[in-house]
Amino acid sequence: MSALSFEQAPPASVPLRFFVTAPFFGVAAGLVLAWNWQAVTASRWAPETVAVVHLMTVGFMLQVMAGALLQVMPVAVGANVSHPKLVAAIVHPSLTLGGALLPLGFLGAGPLALQAAAVLLAIGVFAFVVVAGLALARSPAVGPPLLVLRLAVAGLAIAAALGLALVSVFGFSLALPLGVLIDLHVAWASLGWALMLLLGVAYLVVPMFQLTPSYSVRTGRVLPALLLSALVGWTVAMTAHLEPLAWLSTALGIAGVSGFAIVTLRLQSKRRRKVTD
Ligand code: HEM
């Protein structure tokens, strides 16, 4: 799993267009903070807060993560994306426009901005999920990194579907249970997508770049299993109002997150790379 096949890499323009766009969303988040940081620090629910959250998570992070995955999947786990230029030409503008309209909608640009954001983000995210999912499903590789990358892409699909359901509450006035949807959206987006992806990428790059021993295959399977059980448990507990299951799921989530940190720090204490980064 650790050998890289650079000949499978897509043209540089494919990831680059995502990487070049992402910092502008970081700048926009900074401008919103400079304009009204009082609102952002005062309330989690202030429009400015939700706008900054999504300028960073959809505008910056999702943009970079999608571009990086298009480049990394074929090289690191043999998951070849067919027609990468066409995929980038659909996914990149949809994520960019949708990622800009979503915070504008939160900041008061009106339901039309939220509706357009929902359509564009649905196109961008689900086109990416289908293409990445197919590539990962067809990969001949075996081992935890491939498994975890598959879980991360599935996590993105669930997080985005919940996000789009939330937008429908605001943009299309659908009557859905807002509180439960927000909690589940945040859980799947942060643990099911972002942390799961971090896990898969750490399995590949921590040993490679820092010259540490590899994550053991058992750890490689147990950590995502803990995160996935926590997420499934929370989803059931919150929809069926089962408090003991929610507590159990929280314990599993804490075990998964802290287990990842502890294992990674232990590996890093055994690094053979002399330079301190
Ligand atoms: C398809 C993309 C997405 C859409 C359409 C979307 C939409 C939404 C909506 C409508 C809300 C509720 C806002 C409110 O109550 O005023 C929300 C909350 C939230 N979303 Fe997303 N979201 C998306 C992706 C993401 C991603 C990828 C992440 C993180 C990796 C994320 C993290 C959050 C967080 C943390 C909150 C809670 C905000 C707070 O408490 O201030 N979202 N999202």
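One-based numbering, in listed order, for ligands and for the atoms of each.
Using a 30° and 60° split on the angle between ring planes, Phe106 and Phe170 fall in the perpendicular class, above 60°.
The contact set between ligand 1 and Phe106, taken as ligand atoms under 4.0 Å from a residue heavy atom, comprises 9 (C), 10 (C). Of all atoms in ligand 1, numbered sequentially from 1 with element shown, those under 4.0 Å from a heavy atom of Ala160 are 1 (C). Atoms of ligand 1 found under 4.0 Å from any heavy atom of Ile182 (numbered from 1 in listed order, with element): 15 (O).
The set of protein atoms (N, O or S) found at less than 2.8 Å from atom 21 (Fe) of ligand 1 reads His54 NE2, His185 NE2, by chain and number.
Remark: the backbone N or O of Tyr215 is not paired with any side-chain donor or acceptor of Thr219 at under 3.5 angstrom.
Between Arg44 and ligand 1, an N or O atom pair is found at a separation short of 3.5 Å.
In this structure, CH2 on Trp193 lies 11.0 Å from CG on Leu198, to the nearest 0.5 angstrom.
Of all the heavy atoms of Val169, none lies under 4.0 Å from any atom of ligand 1, so neither backbone nor side chain is involved.
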*Apply side-chain contact (heavy atoms from CB on, under 4.5 Å) to the pair Phe128 and Val87, showing each step before the final yes or no.*
CA-CA 7 Å; Phe128 175 75; Val87 172; 5.5 Å; no
*Going through the distances and angles, do Phe24 and Thr96 end up as a side-chain contact (heavy atoms from CB on, under 4.5 Å)?*
CA-CA 10 Å; Phe24 291 99; Thr96 305; over 6 Å; no
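Crowding of Gln38 atom CD: a count of heavy atoms from other residues, nucleotides or ligands under 6.0 Å exceeding 12.
Of the listed residues (Leu120, Leu114, Leu121), just one forms a side chain to side chain contact (heavy atoms under 4.5 Å, CB included) with Leu101, and that residue is Leu120.
For the 3.5 Å distance criterion, the side chains of Tyr203 and Ser214 fail to qualify, holding no donor opposite an acceptor.
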